[in-house]
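One structure below.
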There are 2 protein chains.
Amino acid sequence: MKTEFCKVDEALSILVGKWKPIILLHLFNEGTLRFSELKRLMPDITQKMLTKQLRELETEDIIDRVVYPQVPPKVEYSISEYGKSLQPVLNVMHEWGSAHTKHMQEKRNRKNLEQSS
Amino acid sequence: MKTEFCKVDEALSILVGKWKPIILLHLFNEGTLRFSELKRLMPDITQKMLTKQLRELETEDIIDRVVYPQVPPKVEYSISEYGKSLQPVLNVMHEWGSAHTKHMQEKRNRKNLEQSS
DNA sequence: CCGAATCCCACAAGATACTG
DNA sequence: CAGTATCTTGTGGGATTCGG
């Protein structure tokens, strides 16, 4: 692979953001969620951040945003057809991440063992 | 998948950093590289950043750092055995990233077409 | 209910200079 | 050659308030 054509950064740029992976996970799990439902699933996120992250995912075509013109407002989010192509990427990253957590855990254990001996 | 156990963030935390993917790509391609060789391959990175990113990858066990005690100094970096487990992750991300670049490109083309009609 | 607007801080990253 | 040490700046993310 030529370094000039490395597109890992491109994928990274879509996924980085403190809340994007968890937002995507909820949408993959639940299918469709209202803004308020997402907010309830992630109590620590502020409305501003939730809005921002959703907008960014929307401009990248990863998620669909449907506004129901009514009062009170109702906005539903879901993974777009195109966005579903992200599933395998997220899976691979999740699995490697799990393995890595375990790896670093065991490393710490070994170090503690050395110290106590 | 339970949201509490989402480990995508874990993988992300290893890969984020403006230069990490390209550093890893060079090391995967070349096998072993000296500090100065990496610097030459990435003219725009500062020594400080190169050092920092390499240190972070090292503490996560992704790369090996070998110091030759001689004057002038010589330090070689390479992907660790464990680090090689990242290869498939990077591949998947690269391929999705390429496809996404194309997707957004075509989207722009369609929009331009609409405007000119 | 869903968001926009504003203010704020921490931290990633760059520029530059120095050293064993 | 392979790094530190400082200083500065840009930006991601948080708290809070206001609006349709």
Side-chain angles (χ1 to χ4, degrees), chain A residues 6 8-27 30-60 62-79, chain B residues 6 8-27 30-60 62-79:
Chain A
C6 176
V8 173
D9 289 338
E10 185 72 21
L12 237 36
S13 72
I14 311 300
L15 266 9
V16 291
K18 192 171 175 181
W19 305 93
K20 280 179 192 165
I22 187 75
I23 288 174
L24 291 173
L25 179 57
H26 283 305
L27 289 177
E30 308 293 330
T32 298
L33 286 170
R34 299 184 57 169
F35 185 89
S36 53
E37 293 174 322
L38 279 166
K39 179 77 181 71
R40 210 171 315 119
L41 289 169
M42 298 174 284
D44 289 347
I45 196 175
T46 63
Q47 287 199 347
K48 172 192 166 182
M49 281 311 295
L50 182 51
T51 301
K52 193 182 167 211
Q53 311 269 301
L54 287 169
R55 285 288 186 286
E56 291 175 10
L57 291 170
E58 189 195 359
T59 65
E60 301 292 340
I62 307 299
I63 63 175
D64 287 329
R65 176 172 182 265
V66 180
V67 182
Y68 295 85
Q70 62 184 43
V71 179
K74 174 178 170 183
V75 182
E76 285 185 344
Y77 297 91
S78 57
I79 305 288
Chain B
C6 176
V8 173
D9 289 337
E10 184 73 20
L12 275 175
S13 70
I14 310 301
L15 267 8
V16 292
K18 193 170 176 182
W19 304 94
K20 279 178 191 165
I22 186 75
I23 289 174
L24 291 174
L25 179 57
H26 283 306
L27 289 177
E30 308 293 330
T32 299
L33 287 170
R34 300 182 57 168
F35 185 89
S36 54
E37 292 173 323
L38 280 166
K39 179 78 181 68
R40 211 171 313 121
L41 289 169
M42 298 173 286
D44 289 348
I45 196 175
T46 62
Q47 289 199 346
K48 173 192 166 183
M49 281 311 295
L50 183 51
T51 301
K52 193 183 169 213
Q53 310 270 303
L54 287 169
R55 287 286 187 288
E56 291 175 9
L57 290 170
E58 189 194 358
T59 66
E60 300 293 341
I62 308 298
I63 62 175
D64 287 328
R65 176 172 181 267
V66 180
V67 182
Y68 294 86
Q70 61 185 43
V71 178
K74 175 179 171 183
V75 181
E76 284 185 345
Y77 295 92
S78 56
I79 306 288

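In the text below, chain A, chain B and the rest are named by the order of the sequence lines, each starting its count at 1.
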Measure from the side-chain heavy atoms of [X] and tell me the nearest of [options].
X: A:S36; options: C:dC1, C:dA4, D:dT4; value: C:dC1
X: B:W19; options: D:dA2, C:dG3, C:dG14; value: C:dG14
X: A:R34; options: D:dA15, C:dG3, C:dC1; value: C:dC1

Starting at [atom1] of [X] and ending at [atom2] of [N], how long is that distance when rounded to a whole Å?
X: A:K52; N: D:dG14; atom1: NZ; atom2: C1'; result: 11 Å
X: A:K18; N: C:dA12; atom1: NZ; atom2: C1'; result: 15 Å
X: A:L50; N: C:dC2; atom1: CG; atom2: P; result: 10 Å
X: A:M49; N: D:dT11; atom1: CE; atom2: C1'; result: 11 Å

Residue pair B:K20, B:E56: steps toward the salt bridge (Lys or Arg N to Asp or Glu O under 4.0 Å) verdict: CA-CA 9 Å; B:K20 279 178 191 165; B:E56 291 175 9; 2.6 Å; yes
Interface residues of residues 66-77 of chain B with DNA chain C (non-hydrogen, below 4.0 angstrom):
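Residues of residues 66-77 of chain B that come under 4.0 Å of DNA chain C are, in numerical order, B:P73.
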How would you label the contact of [X] with the nucleic acid (heavy atoms, under 4.0 Å): base, sugar-phosphate, or nothing?
X: B:K48; result: base
X: B:E56; result: nothing
X: B:R55; result: sugar-phosphate

Tell me whether the side-chain N/O atoms of B:Q53 come closer than 4.0 Å to OP1 or OP2 in C:dA13.
yes
On DNA chain D, more 5' by nearest nucleotide between A:G17 and A:Q47 is A:G17
